[in-house]
Amino acid sequence: MEKYNPHAIEPKWQRFWKEKGFMKAKEVPGRKGKQYVLVMFPYPSGDLHMGHLKNYTMGDVLARFRRVQGYEVLHPMGWDAFGLPAENAALKFGLHPRDWTYENIRQAKESLELMGILYDWDREVTTCEPDYYRWNQWIFLKMWEKGLAYRAKGLVNWCPKCQTVLANEQVVEGRCWRHEDTPVEKRELVQWYLRITAYAERLLEDLEGLDWPEKVKAMQRAWIGRSEGAEIEFPVEGLNEAITVFTTRPDTLFGATFMVLAPEHPLTLRLTSPERRAEVEAYVEAAKRKTEIERQAEGREKTGVFLGAYAINPATGEKIPIWTADYVLFGYGTGAIMGVPGHDQRDFEFAQKFGLPIRKVIERPGEPLPEPLEAAYEEPGIMVNSGPFDGTPSEEGKRKVVAWLEERGLGRAKVTYRLRDWLISRQRYWGTPIPMVHCEACGVVPVPEEELPVLLPDLKDIEDIRPKGKSPLEAHPEFYEITCPKCGGPARRDTDTMDTFFDSSWYYLRYTDPRNETLPFDPKKADFWMPVDQYIGGVEHAVLHLLYSRFFTKFLHDLGMVKVEEPFQGLFTQGMVLAWTDFGPVEVEGDRVRLPEPTRIRLEIQERELSLEEVRKMGAELRPHEDGTLHFWKPAVMSKSKGNGVMVGPFVKEEGADIARITILFAAPPENEMVWTEEGVQGAWRFLNRIWRRVAEDKETLLSVSGKFQAEALEGPDRELYRKLHATLKKVTEDLEALRFNTAIAALMELLNALYDYRKVRPVTPVYRTAIRYYLQMLFPFAPHIAEELWHWFWPDSLFEAGWPELDENALERGVVEVAVQVNGRVRGTIQIPKDAPLEVALAEALKVKNVQAHLEGKAIVREIYVPGKILNLVVRG
RNA sequence: GCGAGGAUGGCGGAACCGGUAGACGCGCCGGACUUAGGAUCCGGUGGGGUAACCCGUGCGGGUUCAAGUCCCGCUCCUCGCACCA
């Protein structure tokens, strides 16, 4: 008997599939329509490990499944090739970013092919190619035309490590998303923005219809941060000027006893009285210098200074002091608030600290609030001390106060969003040049469409690429010195490049028509494929890439380029791949585990000492090292820096692609983390080897037996095998539709066990031959090489052409079923009865069971609950 | 603090609409066969008990003939957000 040898078969079938072009996508619907299966494209990094491959394996399984099911499938791949990784590598290795990028692409492609992952490579997209990025520039110009791209001066986030500005979405807890240890600085700069806020409402509303994880939708909702309230004008005393505030509680207007401006607010310094100037200026300066981190570190203790100016509460006519304080954020609402200490805890703390009056204007129903108030009362209630509104329920009061303000021209209903416009300028080399020209005479002028692309100059000297705090292109007059497209006078190109998230915001549309030279894509082709039916990727893009892409799709929809308004109908966020990792030596004394400094630092924990129990609870182990000491081992995310990645090339050469695929898919549900282990690999090997042996042992007889039989005529083990076969088919089909790969494989393992059991009692029969046939069809998406190999022993053509077996619902019916018999809700035995046997039959059978008899003895049955095919519960008394 | 999700054997994890908890795999225990292979095959494996039986899905209540599943109240864990007016 031939032995299972992955190396002997895998390259063969990989070549075969490639030659046949099974995954080439055409704009012609299949029998069941189309499916667009997409995995987030990677930035090109060199040698790939299994952590990188989980995504693509899942996508490949789904794409193959949809293909054999009868869909026309688009399963493309490309490279998010612009951006910092390439630049940083260039600076580190002295390579040109382009060379580094293309070498990595070559290596990554090789790894993907080794794993048997198939794409329509004719549609490969590489974002650093002019063919691609010229359409970035085209889209940018369209946005400019529509007023959605604009240049503005503002306080921006600057990463000193990246030497560039960042978008709000790229700042995590005040730090650069790429440099967790680097607080971002604030700088006042003129930059390019995209008006994503114009789409805030649609971005929020349309989340509703998406088949996305609730977690991701919640994150987007929170990021957009819709808030309903009112804008209210507070006239400044003695000046023809008003401060506009945003509030969600107009019902508390009568309780506004002071105002607070953000330190950055333009009115802050203007309103300051001469005698207060020094103090206020010092406060504003200090606030500007502080990073978000420093502000956080100082806790929530309120600080602020009085401007020496007053405003008029439009409701009460009272004179109220104006302060500045850094608890009011310039970036939200209007950057100014009315202080209502009675009903906002932050204002309460501020008022208490600075001795400002606290007034109750909402009364708690039922139990009146203590006076003076001990804390702000933020719940709804009844308006008091509010003139004409006294007695009004606060919710109703919100509307009434707004109406009252609107009549007098003092305010209006207003919806505010937390979402900010997207800052897309970057002061880096490796990106898309912004297609704009600055002319002394004409101002900002767009590059005419027909002159696109604005090519990124090929800087040969690595030193020219190095970030310098301004765009490297600013040192290259041959790039920026041009004539104005409008007046022909001397002008200067914009030297900034685009955020790489611009590139990835529409690449899925380019896949639908990747070689188009007149448009980013043909709307007809995009409409054929869009939306992406299943998008697979990491949750780290929940608000970055996924929000930007939704914005782009809506914009392109409005432009008439594509019918859909949402790009990704289904989203799946996969869990990471971990591996057992050596974190270094420890010293054990009794129950105490001491962590030497290097070990502690690698683990990123505070404690210098742990108990054995704590080590266990962390999911960690102490393992003997070769030098006789004990080392601290724990599963950790595979990464180059930890050196714990199982590399694709060596693994496939040693073990095989199908084994890798099964290991990844079976170890855990795909949304969970999985730990890659040697035992898991062993299990995958055993499973595939058992399949191989089952088929190989029967090879000769399978070749001589026909697969024809009458399903209705089957009996005994034949009938049972037939039932199990179709039950498995149903399960595997449903699980694949829902991306439950682990349970689908478990079902295939069960069926395999059933095939072994069957052959112990029966020869090779037509129903068995059919079971083998279906088995290989079902195995194909998961372990395609072994499936294709075994298939070809008996059938010509490819499993790609064999389709997906058809379910026989009748096969699922069991004639006789096992029913559990309970007495007072506890299982006391089981009976074998016809599926739809009446209660009398079930009861008669149940009474024959000894153990049931024992539990009925001396007692009276007061009730029988019978669910045919499931359970018989006898309720007894006595 | 707010939001989302979770807690089931030694481990990863199953369990449709409330109906035999622990599928499948790993690990472990015992055995067979040894053409020593990455072996393979057979049996066992939630806990306690000689057994009958009892207990068991984070904790405490409840609904129900019947609860991992539904309801109420907690604890803990993971993730996200967090002075957002």
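In what follows, every chain begins at residue 1, and chains take the letters A, B, ... in the order their sequences are listed. Only a predicted model underlies this, so the values are computations on that prediction, with no experimental measurement involved.
- A:T830 comes within contact range of at least one nucleobase, with a heavy-atom separation under 4.0 Å.
- Map A:W223 and A:E678 each onto its nearest nucleotide of RNA chain B; the residue landing nearer the 5' end is A:E678.
- Closest contact between the side chain of A:R826 and the listed nucleotides B:A14, B:C55, B:G19 involves B:C55.
- Proximity of A:I664 to A:V577: side-chain heavy atoms (C-beta onward) are nowhere separated by under 4.5 Å.
- Considering only side-chain atoms of A:M749, the nucleotide from B:A85, B:C24, B:A14 that sits closest is B:C24.
- Listed pair A:R418 / B:A82 meets the phosphate criterion, a side-chain N or O lying under 4.0 Å from OP1 or OP2.
- Contact annotation: A:K215 side-chain N/O to B:C81 OP1/OP2 distance is not under 4.0 Å.
- With no hydrogens or angles considered, no side-chain donor-acceptor pair links A:R863 and A:N873 at under 3.5 Å.
- Stem regions for RNA chain B, each three or more consecutive Watson-Crick or G-U pairs with both distances under 3.5 Å and listed by first number, read B:1-7 with B:75-81, B:10-12 with B:24-26, B:27-32 with B:40-45, B:46-48 with B:53-55, B:58-62 with B:70-74.
- Within the structure, a side-chain polar atom (N or O) of A:N672 is placed less than 4.0 Å from OP1 or OP2 of B:G13.
- With hydrogens and angles left out, the side chain of A:Q822 and the base of B:U20 share no donor-acceptor pair within 3.5 Å.
- Counting any heavy atom pair closer than 4.0 Å across all strands shown, A:E655 reaches a base atom.
- Interface remark: the A:E679 side chain does not form any donor-acceptor pair with the B:G25 base, using a distance-only criterion of under 3.5 Å.
- Here the nucleotide nearest the side chain of A:E750, chosen from B:C65, B:G12, B:A23, is B:A23.
- Put simply, A:H855 has a side-chain N or O that comes within less than 4.0 Å of OP1 or OP2 on B:C53.
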